[in-house]
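Here the structure is laid out as structure tokens; the discussion comes afterwards.
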Amino acid sequence: MKIASWNVNSLKVRIPHLTQWLADARPDVVALQETKLEDAKFPVDELAAAGYQAVYAGQKTYNGVAILARSDQGLSFADVVTDIPGLDDPQRRILAATIGSVRVVDLYVVNGKAVGDEKYAYKLHWLERVRDFLAEEIRRHPRLVVLGDFNIAPDDRDVHDPVAWGEDILCSPPERAALKALTDMGLHDSFRLFEQAGGHFSWWDYRQGAFRRNNGLRIDLILLGDALKSSARAATIDREPRRWERPSDHTPVMVELDIE
DNA sequence: ATGGTTGGCATCCAA
């Protein structure tokens, strides 16, 4: 089973890229972030034509998450959750579904703008609530995959210039501690099961030729619960779509699991 | 220190 994550930065604009990439990579499950679409405008028909069914939780202009599953695998979505229980939040940033034998939680983590900003406080609070939610999810569903745009670079290997970034947004110790609280629950960064070197990134700013110079961050992650860790066969970052014309600023990440 | 690029939507906010 191949499971992928991609922040598409507007699904409306990126549908040609997404359908091309689905045809190339043929993932079984794909978590999307920043769809920026109301549910009524979700491109159900285009994705069905590409061979994928979808669940989605969107809003106008901002945020928005979706999970796709290959139609020909006989997979269906069960126990869909679009909100953290008890958290009244209009921002569409979380979507969970059971697909086959795997529980999938798609996250579009708050960016936070800058350390000390009110959005930063919201980010840390949101991550606390996500941690509590995931503690319950992993208890109910040991075969748990938590993936998405985490807007946190786990450590300095995941930052092109750690001195310049320092303890700024996406790299600050409280953000990294919030991510570590998730990995400490037995949610393993799949990429680091296979690669220890730095310099592998999933996001590059649109400005200043950042992609060409590989000035990026690795902030798109696929975390695997203990019960799935030994099933992992590969974890990859596909830089190809970032080279295409009018790309998302993020590129897809994928894990291959040795399960049906 | 500042600004640069993109998307959505309306000429500003978010990333």
Side-chain angles (χ1 to χ4, degrees), chain A residues 5-21 30-43 46-47 56-66 89-95 106-127 130 147-154 158-172 174-176 178-179 201-221 237-253:
Chain A
S5 176
W6 194 2
N7 179 324
V8 292
N9 187 18
S10 170
L11 184 53
K12 182 181 174 184
V13 169
R14 225 64 69 193
I15 266 284
H17 282 198
L18 177 61
T19 53
Q20 181 64 57
W21 186 75
V30 186
L32 303 177
Q33 304 86 38
E34 284 205 88
T35 56
K36 300 185 177 180
L37 279 179
E38 294 170 285
D39 289 347
K41 296 185 176 176
F42 196 86
E46 289 95 325
L47 291 169
Y56 36 89
Q59 66 185 94
K60 192 176 177 181
T61 309
Y62 303 117
N63 310 310
V65 283
D89 186 354
Q91 300 194 27
R92 304 291 80 198
R93 297 182 173 277
I94 187 164
L95 181 61
D106 180 11
L107 300 179
Y108 175 45
V109 174
V110 179
N111 174 286
K113 189 167 180 171
V115 174
D117 192 276
E118 64 181 21
K119 294 193 174 88
Y120 181 76
Y122 165 59
K123 178 178 198 171
L124 295 178
H125 177 251
W126 190 87
L127 283 164
V130 165
L147 75 175
D149 176 359
F150 282 73
N151 269 317
I152 302 169
D158 305 306
V159 181
H160 69 92
D161 186 346
V163 173
W165 279 81
E167 298 186 351
D168 286 351
I169 194 71
L170 314 186
C171 299
S172 74
E175 291 169 89
R176 286 178 167 170
L179 178 58
F201 308 128
S202 66
W203 168 84
W204 300 262
D205 198 285
Y206 283 121
R207 294 167 284 192
Q208 296 174 316
F211 179 64
R212 180 177 50 76
R213 297 152 60 188
N214 198 31
N215 287 350
L217 301 179
R218 192 174 68 90
I219 55 178
D220 299 273
L221 310 176
I237 302 174
D238 185 356
R239 295 160 60 96
E240 189 57 29
R242 190 64 175 77
R243 299 190 180 97
W244 296 345
E245 192 178 343
R246 206 179 177 192
S248 169
D249 47 351
H250 298 251
T251 211
V253 299

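Chain identifiers are assigned alphabetically (A, B, ...) following the order of the sequence lines, protein sequences preceding nucleic acid strands; residue numbering begins at 1 within each chain. The basis for the numbers below is simple: all heavy atoms, side chains too, and nothing from hydrogens, waters or symmetry mates.
One finds no side-chain N or O of A/Arg246 lying less than 4.0 angstrom from the OP1 or OP2 phosphate oxygen of B/dT5.
In this view, A/Val13 and A/Ser10, A/Arg246 satisfy the side chain to side chain contact (heavy atoms under 4.5 Å, CB included) rule, not counting sequence neighbours. Partners of A/Arg176 by side chain to side chain donor-acceptor pair (under 3.5 Å), not counting sequence neighbours, listed by chain and number: A/Asp156. Residues forming a side chain to side chain contact (heavy atoms under 4.5 Å, CB included) with A/Asp89 (at least two apart in sequence, or on another chain): A/Leu87, A/Gln91, A/Tyr122, A/Trp126. The side chain to side chain contact (heavy atoms under 4.5 Å, CB included) search around A/Pro174 returns A/Tyr120, A/Leu124, A/Ser172, not counting sequence neighbours.
Between the P atoms of B/dC13 and B/dA1, the separation comes to 24 Å (whole Å). Spacing between B/dA10 and B/dT5 at atom P, rounded to whole Å, works out to 24 Å.
Pairs engaging residues 202-211 of chain A under the salt bridge (charged side-chain N to carboxylate O under 4.0 Å, His left out) rule: A/Asp205-A/Arg207 [sequence neighbours left out].
Residue-to-nucleotide proximity on DNA chain B shows that, of A/Asp205 and A/Thr61, the 5′-proximal contact is made by A/Asp205.
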Just the atom pairs and distances: protein N or O near nucleotides 10-15 of chain B's N or O, under 3.5 Å.
| unit_1 | atom_1 | unit_2 | atom_2 | d |
| --- | --- | --- | --- | --- |
| B/dA14 | OP2 | A/Lys119 | NZ | 3.1 |

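With rounding to whole Å, A/Leu37 atom CG is found 12 Å from B/dG7 atom C1'. Distance A/Arg14 CZ to B/dT6 C1': 8 Å, rounded to the nearest Å.
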